[in-house]
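None of the values given here were measured: they were computed from a predicted structure.
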Amino acid sequence: MRLFPLLAFLAATAVAASAAAEPAQDSEKTSLPPTIAIIIDDMGHNFEEGERLANMDQPLTLAFLPYRPYTVPLAQLAWRQHKEIMLHAPMANTRNFGLGPGGLTPDMDEQSMATTLRRALQAIPHVRGVNNHMGSLLTQQLQPMDWVMKELNRYPVYFVDSRTIASSIASDVATAYQIPNLSRDVFLDHQQTQEYVDKQFKLLIQRAKENGSAVAIGHPHKVTVDYLEKHLPLLDEQGIAIATVSGLWAMRNSNHEMFAEGEKQAIRPAIAQKP
């Protein structure tokens with residue numbers, strides 16, 4: 001799919017998606033309990049908090065930055081503990097914050113972007129999906145997003161738009177490529193206090209009750225991990241379910257499989273070097 005056909009496709013699918021969304025949510029709300037998915041970004045730096053998250057009983061989804069000191073051992077541990085693993089792909093932002101290794105920037109050509117993304121995927125054991133780390137600049141730009149989704153479309157991975165900026169088009173381009181995708185509804189810990197995390201967690205539950213399901217993003221801060229350790233075991237008594245991202249996607253899509261067997265190219269694990 002090239003850029004100009006993609007523009008037309010996006011315009012057509014936006015109208016169709018808007019018309020179809022409300023009935024699907026109504027059906028979802030009547031047949032299933034309100035369900036949340038919690039993604040923890042920036043995994044791979046902090047071993048202590050990462051280990052606590054990996055060992056929690058609930059089905060969290062952990063998003064790992066590539067080439068960080070503890071990415072591989074923590075991803076292996078998390079997978080053994082039945083967590084879902086994502087690549088947290090660094091993307092250019094509007095404030096010129098450094099991306100670290102594996103970053104995707106607007107000055108890259110298509111080959112450079114595809115190679116960088118592919119190597120990052122290969123560096124994350126048991127990867128099932130991708131979301132953007134930062135990305136407030138790149139996720140607004142159609143050409144780079146086209147190249148990103150063209151590469152992701154080769155593999156059996158979903159995409160979550162972290163929505164670090166309201167004008168992101170990342171999920172729209174993923175939809176155009178028929179990549180299973182979701183968008184973030186709530187950030188849990190922009191402020192690292194128990195009071196703020198509690199307010200955002202309650203907002204997450206409210207959104208799930210209103211819409212049937214909701215997706216939150218948090219980080220491996222001690223305050224966040226402490227809060228989740230205390231409050232996730234209480235969800236059952238509140239009638240709230242928690243699922244991995246792929247589980248929540250299946251719930252929203254009539255339990256369909258994301259990918260047919262052999263439909264996509266397997267990601268070949270590699271001990272990738274920093275680019």
Side-chain angles (χ1 to χ4, degrees), residues 1-21 24 37 39 61 63 66 84-92 102-106 108-122 124 127-184 215 244-254 256-268:
M1 184 178 294
R2 304 316 307 151
L3 185 57
F4 293 109
L6 178 60
L7 282 165
F9 186 90
L10 287 174
T13 54
V15 175
S18 176
I39 300 167
T61 301
E84 192 155 278
I85 310 301
M86 298 176 65
L87 164 65
H88 193 39
M91 296 186 189
L104 304 176
T105 59
M108 288 179 163
D109 61 20
E110 180 175 2
Q111 186 57 52
S112 297
M113 192 164 288
T115 300
T116 300
L117 183 56
R118 185 182 316 127
R119 288 175 176 170
L121 281 166
Q122 291 173 334
I124 310 295
V127 62
R128 295 283 308 278
V130 177
N131 73 340
N132 52 294
H133 172 57
M134 297 191 282
S136 54
L137 178 62
L138 203 72
T139 61
Q140 297 183 79
Q141 299 183 1
L142 183 56
Q143 183 73 85
M145 285 297 99
D146 183 38
W147 292 341
V148 165
M149 299 308 166
K150 181 181 176 184
E151 181 64 24
L152 292 184
N153 193 41
R154 299 172 59 188
Y155 311 109
V157 294
Y158 58 77
F159 180 78
V160 175
D161 188 350
S162 302
R163 291 192 63 78
T164 55
I165 194 164
S167 51
S168 170
I169 62 169
S171 60
D172 294 329
V173 182
T175 297
Y177 273 92
Q178 299 184 319
I179 295 169
N181 68 90
L182 300 170
S183 293
R184 184 270 314 161
V215 178
T244 61
V245 168
S246 62
L248 191 143
W249 182 92
M251 185 191 84
R252 291 182 179 180
N253 290 273
S254 304
H256 291 161
E257 294 286 340
M258 279 188 176
F259 309 104
E261 186 174 352
E263 175 187 1
K264 300 286 185 178
Q265 173 183 328
I267 297 169
R268 188 184 75 253

Side chain to side chain contact (heavy atoms under 4.5 Å, CB included) between L87 and L117, intermediate numbers included: CA-CA 10 Å; L87 164 65; L117 183 56; 4.0 Å; yes
Side chain to side chain contact (heavy atoms under 4.5 Å, CB included) between M91 and M145, intermediate numbers included: CA-CA 10 Å; M91 296 186 189; M145 285 297 99; 3.9 Å; yes
Verdict with reasoning, M113 to L104, per side chain to side chain contact (heavy atoms under 4.5 Å, CB included): CA-CA 6 Å; M113 192 164 288; L104 304 176; 4.0 Å; yes
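With hydrogens and angles disregarded, no donor-acceptor distance shorter than 3.5 Å links the side chain of T61 to the backbone of T244. Not one N or O on the side chain of D146 forms a donor-acceptor pair closer than 3.5 Å with the backbone of L142. Side-chain N or O atoms of S168 include one that pairs as donor or acceptor with a backbone N or O of A170 at under 3.5 Å. Side chain of S112 to main chain of M108: no donor-acceptor pair is present (N/O by atom type, distance under 3.5 Å, no hydrogens or angles).
Separation of atoms CZ (R268) and CG (L121) is listed at 12.0 Å; rounding is to 0.5 Å. We find the CG-CG distance between L248 and N253 to be 9.5 Å, quoted to the nearest 0.5 Å. Once rounded to the nearest 0.5 Å, the distance linking CD of E110 with NZ of K150 reads 4.0 Å. Note: I179 CD1 to Y155 OH = 11.5 Å, rounded to the nearest 0.5 Å. If you take CD1 on I165 and CG on L138, they are separated by 11.5 Å, rounding to the nearest 0.5 Å. Atoms CD1 and CZ, from I124 and R119 in turn, are 14.5 Å apart once rounded to the nearest 0.5 Å.
Residues T139 and V148 form no side-chain contact, since every pair of their non-hydrogen atoms from C-beta on lies 4.5 Å or further apart.
Between S162 and R184 the shortest heavy-atom distance is O-NE, 3.1 Å. Of all non-hydrogen atoms in H88 and N132, the two that sit nearest each other are CE1-O, 3.3 Å. Here the shortest heavy-atom pairing between P106 and L137 reads CG-CD2, 3.8 Å. In terms of heavy atoms, N131 sits closest to I39 at ND2-CG2, 4.0 Å. Considering all non-hydrogen atoms of both residues, V245 and Y158 come closest at CG1-CE1, 3.3 Å. Closest non-hydrogen pair, S167 versus Q140, comes out as OG-OE1, 2.8 Å.
For residues 154-164, the salt bridge (charged side-chain N to carboxylate O under 4.0 Å, His left out) pairs, not counting sequence neighbours, are E151-R154.
Within 6.0 Å of the CD atom in Q265, the count of heavy atoms belonging to other residues, nucleotides or ligands exceeds 12.
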